[in-house]
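Lettering of chains follows the sequences in order, A, B, ..., and the numbering in each one begins at 1.
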Amino acid sequence: MNKHLNDTEIQQYVLDSDLLSGPKLLHIENCEHCRLKGMQYKLIISGISTLPKMALDFDAAGLVMAKIEKPAPNPARFSPVNPVITTLILLGLAILGISAYSFYNIGLFKGSYILSLIAFILLLAGIADQYYNYLKKLEHIGLLK
Amino acid sequence: MKQENITYGSDKELVAGVLGGDSQAFAQIIRQTEGLVAQMVYTMAGPSAERKDLVQDIYMKAYQNLPGFRFHAKLSTWVGQIAYHTCLHYLKRKKLYYPDEFPEEEVAIGELSANEIFLFDKELSGILQSAIARLPPLYQTLVSLFHQEELSYQEIREITGLPEGTVKNYLFRARKALRQDLLKRYDKNEL
């Protein structure tokens with residue numbers, strides 16, 4: 001066999017000579033060119049294996065565990081105002097309902113328009129507060145930055 | 001109930017510990033796999049300021065997906081998969097992923113005598129690290145996983161998702177490129 005082995009075959013020989021067929025094995029053992037090339041690959045491979053391994057230059061476990069164990073903000077945040085707002089919303093709805101009924105039927109609550117307006121404002125305030133809580137919950141579970 | 005200072009043995013015990021609420025079991029998983037993760041993050045992300053974020057991202061993904069781990073591979077291999085794909089996504093985002101564009105230039109290099117081989121050996125460790133750093137990130141990773149972490153072709157296949165034949169081919173190309181690079185820079189006139 002006159003043709004030299006290619007780099008892949010020479011590397012195969014260095015990694016595991018059993019991977020080469022008889023004629024190729026015979027060639028590499030008798031060819032100065034291929035044998036020296038094999039020595040170069042052997043040096044490179046052994047050199048790589050003796051290089052220092054990469055290591056993290058920071059405390060990965062500490063960083064990650066701090067993130068995992070970070071106390072979550074209470075997702076079911078109930079501000080002290082909320083029960084009051086909820087009550088006022090219901091009261092406002094009740095007044096609104098009664099005002100609408102009196103407007104269209106008996107004049108039981110004449111001049112209840114101001115009350116209706118107050119009820120409406122309270123209703124808006126309640127909706128705004130609930131929406132704010134909803135945004136906070138979304139932010140907590142990461143759906144809102 | 002959190003258990004303190006318990007060292008878990010097998011992968012099953014570790015996972016059971018984490019799922020049972022012992023966060024220190026996950027700290028143990030991190031310590032056992034950070035070497036493998038470091039190899040991939042350093043070779044694929046390089047000296048990037050985002051390395052720390054990448055590592056945290058990798059382990060947070062591992063923590064969140066641990067309930068779905070079915071022991072189809074070793075736990076370290078599974079973490080390695082997450083690390084590899086996270087780094088790969090990073091490379092693609094940075095437009096640095098180009099394994100098939102790696103030029104296989106055939107540089108005419110003269111023969112080296114046995115004496116020159118000896119001198120080549122002496123200087124090799126000093127220049128090998130920088131030669132490896134000049135390889136494309138994916139080749140650096142494969143070289144590191146095979147020769148330094150001593151993973152098998154099968155384990156590298158499981159981590160990267162690349163066919164075993166492709167892993168072998170890339171490794172052959174990487175080593176050939178290293179040899180070409182080293183000999184090109186190795187000035188025989190300095191002997």
Within the structure provided, determine whether [X] and [Y] are in side-chain contact (heavy-atom separation under 4.5 Å).
| X | Y | value |
| --- | --- | --- |
| A:Thr8 | B:Asn169 | no |
| B:Phe26 | A:Val64 | yes |
| A:Asp7 | B:Arg179 | yes |
| A:Ile68 | B:Met60 | yes |

Quick one: pull up [atom1] in [X] and [atom2] in [Y] and give me the separation to the nearest 0.5 Å.
| X | Y | atom1 | atom2 | value |
| --- | --- | --- | --- | --- |
| A:Tyr41 | B:Arg175 | OH | CZ | 8.5 Å |
| B:Lys52 | A:Leu56 | NZ | CG | 10.5 Å |
| B:Leu183 | A:Lys37 | CG | NZ | 9.5 Å |
| A:Ser49 | B:Glu149 | OG | CD | 12.5 Å |
| A:Phe58 | B:Gln56 | CZ | CD | 7.0 Å |

Taking [X] for the side chain and [Y] for the main chain, is one N or O donor matched with an acceptor at less than 3.5 Å?
| X | Y | answer |
| --- | --- | --- |
| B:Gln39 | A:Met54 | yes |
| B:Gln148 | A:Leu51 | yes |
| A:Gln11 | B:Phe172 | yes |

Original post:
Where is the tightest heavy-atom contact between B:Leu128 and A:Ile44, given as atom of each residue plus distance?
Top reply: CD2-O, 3.8 Å
Original post:
Taking all non-hydrogen atoms of both residues, which atom of A:Met65 and which atom of B:Ser23 are closest, and how far apart?
Top reply: CE-O, 2.9 Å
**OP:** Measure B:Ile132 against the heavy atoms of chain A and call it side chain, backbone, both or neither at under 4.5 Å.
**Re:** side chain
**OP:** Could you tell me which portion of A:Ala55 (side chain, backbone, both or neither) has an atom closer than 4.5 angstrom to a non-hydrogen atom of chain B?
**Re:** backbone
Original post:
Which region of A:Ile10, side chain (C-beta onward) or backbone (N, CA, C, O), has a non-hydrogen atom less than 4.5 Å from a non-hydrogen atom of chain B, or is it both or neither?
Top reply: neither
Subject >> Heavy atoms of other groups near B:Lys61 NZ, more than 12 under 6.0 Å >> reply: yes
Original post:
Linking I/L/V/M/F/W/Y whenever any side-chain heavy atoms sit under 4.5 Å apart, do A:Leu26 and A:Tyr13 land together?
Top reply: no
